[in-house]
Protein chains: 2
Amino acid sequence: MVPARKTPTIQDVARHASVSAATVSRVLSSPERVTETTRERVYAAVRDTGYTINQAARSLRLKAARTILMAAPNIGNPFYSTIVDAVIREAAERGYSVLVASRIGDDPNRWLSDYMLSNRADGLLLFDGSLDTNRLHGLRDDGVALPLVAAYDEIPDAKIHSVITDNRLAAKRAIRHLVDLGHTEIGHIIGPSRNQSTNERFIGFAEAMQEAGLVVREEWLFPGTYNMESGTAAAEHLLASGKLPTAVFSGNDEMALGLIHRLRLDGIDCPRDISVIGFDDIAVARFFDPPLTTMRQPREDIGRMATSSLIDIIEGVVPEDEPIHVILTSDLVVRESTRAI
Amino acid sequence: MVPARKTPTIQDVARHASVSAATVSRVLSSPERVTETTRERVYAAVRDTGYTINQAARSLRLKAARTILMAAPNIGNPFYSTIVDAVIREAAERGYSVLVASRIGDDPNRWLSDYMLSNRADGLLLFDGSLDTNRLHGLRDDGVALPLVAAYDEIPDAKIHSVITDNRLAAKRAIRHLVDLGHTEIGHIIGPSRNQSTNERFIGFAEAMQEAGLVVREEWLFPGTYNMESGTAAAEHLLASGKLPTAVFSGNDEMALGLIHRLRLDGIDCPRDISVIGFDDIAVARFFDPPLTTMRQPREDIGRMATSSLIDIIEGVVPEDEPIHVILTSDLVVRESTRAI
DNA sequence: TTGTAGGCGTTATCAA
DNA sequence: TTGATAACGCCTACAA
C-alpha cells in the first residue's frame, strides 16, 4: 500500500530485473525472443514496479496511436448508442481505443484533420456523408491515404471504403409492404437532405411508387430532421393539407413516433386511420403503442464491421486500391402500425 | 494541391521561417513573448507547411494528454446519448478530447488503470458507482490523486469529487405525487442493485411510503435492469402476484415503458387502471402513449458540469482536499401516465 | 540472447 | 527576444 512516488518507466523495470531496457521492451512485445528465465524475471519486475506502458512515448516512437476516431454529426442521437457500443467493443478486442467527436464549431472538416494529422488517431470512422469528399482525400499523412471508413451514411465516392445498408432497396420494400396492404395514398417524411442515406430512401420511395403505378403527392412529402419533434411537425403539415394519406413511410423511427403521437391528438389513430412504417428499429419501437412496423437496420453489425474494416486498413491488410464496400441488408419487421386498408 | 510528402514537424516550420524550433514553439504557446515580425513569419510558415502539432510528442514532453476518459458500465444505453454529447461539447471547448470506454472484459478496474497510467488520459469521468473505491484511490500517478469525477451514479466516498442528482429526494417526490393523487397501493421497479443511485431511489421510495403511512408490499417490488425488457418482466411479475398495485414507481423510464406496454397486452390500461411514474425523462417519454409522468434528470447539466469539474481538477484549479460535490435537482414532469384514483 | 545508442517531435531551461 | 540543448519514454538497428 505504498503509494508510488512516480510512474515507473521501462528503465525502472529494467533496473529491477537487472536487464537492459531493450530486453524489457522485447519481453513486452515479442516474448519469444527472450529466454524463459529473463522473461520471468522481467514479468516479476513489471508486477513489482506496477509498470504500465507510456502510450505517448510509444505513439511518438511508432507513429501510431492505436486509437480510432469516431465522428458523427450528432452523437447525441440515441440511434448511435448501439453503434458506439459495438465500435468500442470491436476496437477494444483489437487493442484500440476510441475517441469520439461530434460536429462542433464552424468548419466541419477542420477538427477532423486536427485529430488525424496530430497523431491522436490512426483512422477515422465517419458517420457523416455530408463532408466534402475532396477535403477528405486531402487528409493525407506521409503521402498515403488517410485510413477512413464511411459508415452508415454513404459518401458518393467509390474510392472511399464504406459499410452501409441497402437504403434504397429497404425503402422500396417498405413501400411494397404498404402497397401489398392495399395502400395507394402514401406519404413520406424525408430525413435531413444532407444525408446521402436520406436521399437513397427517398429515391427508393419514389421508385417503388412509380413501379406500383402510384403518384407522389407533393403535399404528402415533409422534410424532417430525424427527431421526434419533426415527426410532430410532419403530422401538423399533413393535417393542414386537408386530405390525409392512408399510409406514411417515415425516414426513421423517431419521426414516425412523433407523427403517430401528434395525429392521435387529433383523433387520427394509427393503425385504424393511418398506417405508419418507420426505419431503423430503435429500442422503443416494439414497446410503442402501436408497436412500430419498421425496416430494421443492423446497427451493431454496422459498428462492428466498420471498425474492423478500419483497423484492417490501418494495419495495412487491405490493399489500398481495392475499396471495401460492405452493404448490409435491412429487414422488414412487421408489427402493428401498418394494416390492410 | 501538392500532397505533403511527410507530416511537417516543428523543425520544418522553423527552417521555413528561418528561426529556431524553440521560437516556433513559443509562437504557438505564448505568442506575446515573441516579436511581432517573427511571429508573423512563423504563422506564415505554419500555413505554408500545413503544420499541425504532434500530440504524441507533446503529451510525452508535457506529461499531459489533454484527453479525458469517459467510462460507463453500458454506454450502449440511449440514456447516455445526451450525456456523451454534453461531455464532448464541454471538453472540446476547453481543448480536450474524449475517449470512451464501456465495461469490457473481466476486471472492471484494470482497463481504467491502463488508460490512466499509460498517459492516454489525464482524468476519468466515471459513470459507474459500483467500482471498488479503494482501487480507485490506488490509481495514482506521481503520488498525486488521479483526477476523477464520479458522475450520475454516486460513489459512497466523500473524498471523491461527484456530480450527481438528488436521487433520494426525487424518489420521495415521485411517491408523494402518487400519494397526492390518492394512491396507497404503490409498487416499485428497482434498478440494478450495483448502482448506488438505484439504492438511493429505493430508500427514497421506502421513506416516502413510511412518511405517508403506507406499507411496502414485497410482491410489488421487482428488481429490474434498467431496460425495457425488464419492465415487461416486472409486468409479468405483478400480473402473477394476483393483485395489482394502483400505481408503480419505476426506477427509470425505459422500464416504465416496458411495463405499460406489457400490462396493456393483458387489458390493464395506464392510466385508467394503473398509474406509472418513471425516472429520467428520456426523449420518447413525452411522445409515448400515454405521455409519461417522470422525474426529469438534468442529463446535459450532469455531462457538462462533470466535465468542467474534471478539467478544473486536472488543471489544478481545485484544491485537492476540498472535494467537489454537486447535487443537481430533478424535476417532476407531470404528464398523463399518472392520475387520481 | 542481450546490450548500446540514437531518434521520434516537443518544450523548458539556460545562455547569449 | 532568440537559440542551443537536453530530456520526456519508448523501440529498433546494430553490435557484442
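Below, chains carry the letters A, B, ... as their sequence lines are ordered, and counting in each starts from 1.
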Query raised in the report: If you round to the nearest 0.5 Å, how far is CZ of B:Arg299 from CD1 of B:Ile83?
Result: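 The distance works out to 6.5 Å.
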Report task. Nearest 0.5 Å please: distance from the CD1 atom of A:Ile68 over to the CG atom of A:Leu124. Result ->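 Spacing of CD1 (A:Ile68) from CG (A:Leu124) equals 9.0 Å.
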Report task. Would you tell me if any nitrogen or oxygen in the side chain of B:Ser20 comes within less than 4.0 Å of OP1 or OP2 on D:dT2? Result ->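 Negative; the distance criterion is not met.
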Requested in this report: Examine D:dG9: is either OP1 or OP2 under 4.0 Å from a nitrogen or oxygen in the side chain of B:Lys63? Give yes or no.
Outcome: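 Yes, because at least one side-chain N or O of B:Lys63 sits under 4.0 Å from OP1 or OP2 of D:dG9.
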Query raised in the report: With no hydrogens and no angle check, is any side-chain donor or acceptor of B:Asp122 less than 3.5 Å from a backbone partner on B:Arg66?
Result: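 It does hold such a pair.
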Query raised in the report: Does any residue of residues 25-38 of chain A have a heavy atom under 4.0 Å from DNA chain C, and if so, which ones, in number order?
Result: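 The answer is A:Arg26, A:Val34, A:Thr35, A:Thr38.
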Quick one, [X] and [Y] - any side-chain contact, counting heavy atoms below 4.5 Å?
| X | Y | value |
| --- | --- | --- |
| A:Val318 | A:Ser309 | no |
| A:Leu148 | A:Ile160 | yes |
| B:Thr67 | B:Tyr96 | no |

Grab the [atom1]-[atom2] distance between [X] and [N] for me, whole Å please.
| X | N | atom1 | atom2 | answer |
| --- | --- | --- | --- | --- |
| B:Ile10 | D:dC8 | CD1 | P | 19 Å |
| B:Arg39 | D:dT2 | CZ | C1' | 14 Å |
| B:Arg61 | D:dA6 | CZ | C1' | 8 Å |
| B:Gln55 | D:dC8 | CD | C1' | 15 Å |
| A:Arg66 | D:dC10 | CZ | C1' | 15 Å |
| B:Leu60 | D:dA7 | CG | P | 14 Å |
| A:Ile53 | D:dC8 | CD1 | P | 17 Å |

Query raised in the report: With distance as the sole criterion, is a donor-acceptor pair present between the side chains of B:Thr49 and B:Asp12 under 3.5 Å?
Result: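 The answer is no; no qualifying pair exists.
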Query raised in the report: When you match B:Ala21 and A:Ala57 each to their closest nucleotide on DNA chain D, which lands nearer the 5' end?
Result: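 On the 5' side of the pair lies B:Ala21.
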**Report entry** the helix from C:dT1-D:dA16 to C:dA16-D:dT1: angle between end helix axes, five pairs per end, rounded to 10 degrees
**Finding:**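 Inter-axis angle at the ends, rounded: 40°.
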Query - Nearest to side-chain heavy atoms of B:Val19, which nucleotide of D:dA7, D:dC10, D:dG3 - result: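 It is D:dG3.
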Report task. Using salt bridge (charged side-chain N to carboxylate O under 4.0 Å, His left out) as the criterion, list what pairs up with B:Arg94, not counting sequence neighbours. Result ->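 With neighbours one apart ignored, the set is B:Asp312, B:Glu315.
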**Report entry** Whether over 12 other heavy atoms sit under 6.0 Å from A:Arg194 CZ
**Finding:**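 Yes, the 6.0 Å shell around CZ holds more than 12 heavy atoms from other groups.
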Query raised in the report: Which residues pass the side-chain contact (heavy atoms from CB on, under 4.5 Å) test with B:Ala56, sequence neighbours left out?
Result: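 With sequence neighbours excluded, B:Ala56 shows a side-chain contact (heavy atoms from CB on, under 4.5 Å) to A:Ser59, A:Leu60, B:Asn54, given in chain and number order.
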Query raised in the report: Taking any atom under 4.0 angstrom from a heavy atom of chain A, which nucleotides of DNA chain C are the first and last to qualify, 5' to 3'?
Result: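 The contact span of chain A on DNA chain C goes from C:dT1 to C:dG9.
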Distance-only donor-acceptor pairs under 3.5 Å for side chains of residues 70-81 of chain B, two or more places apart:
from, atom 1, to, atom 2, distance (Å)
B:Asn77, OD1, B:Phe79, N, 2.8
B:Ser81, OG, A:Ser81, OG, 3.0
B:Ser81, OG, B:Pro78, O, 3.1

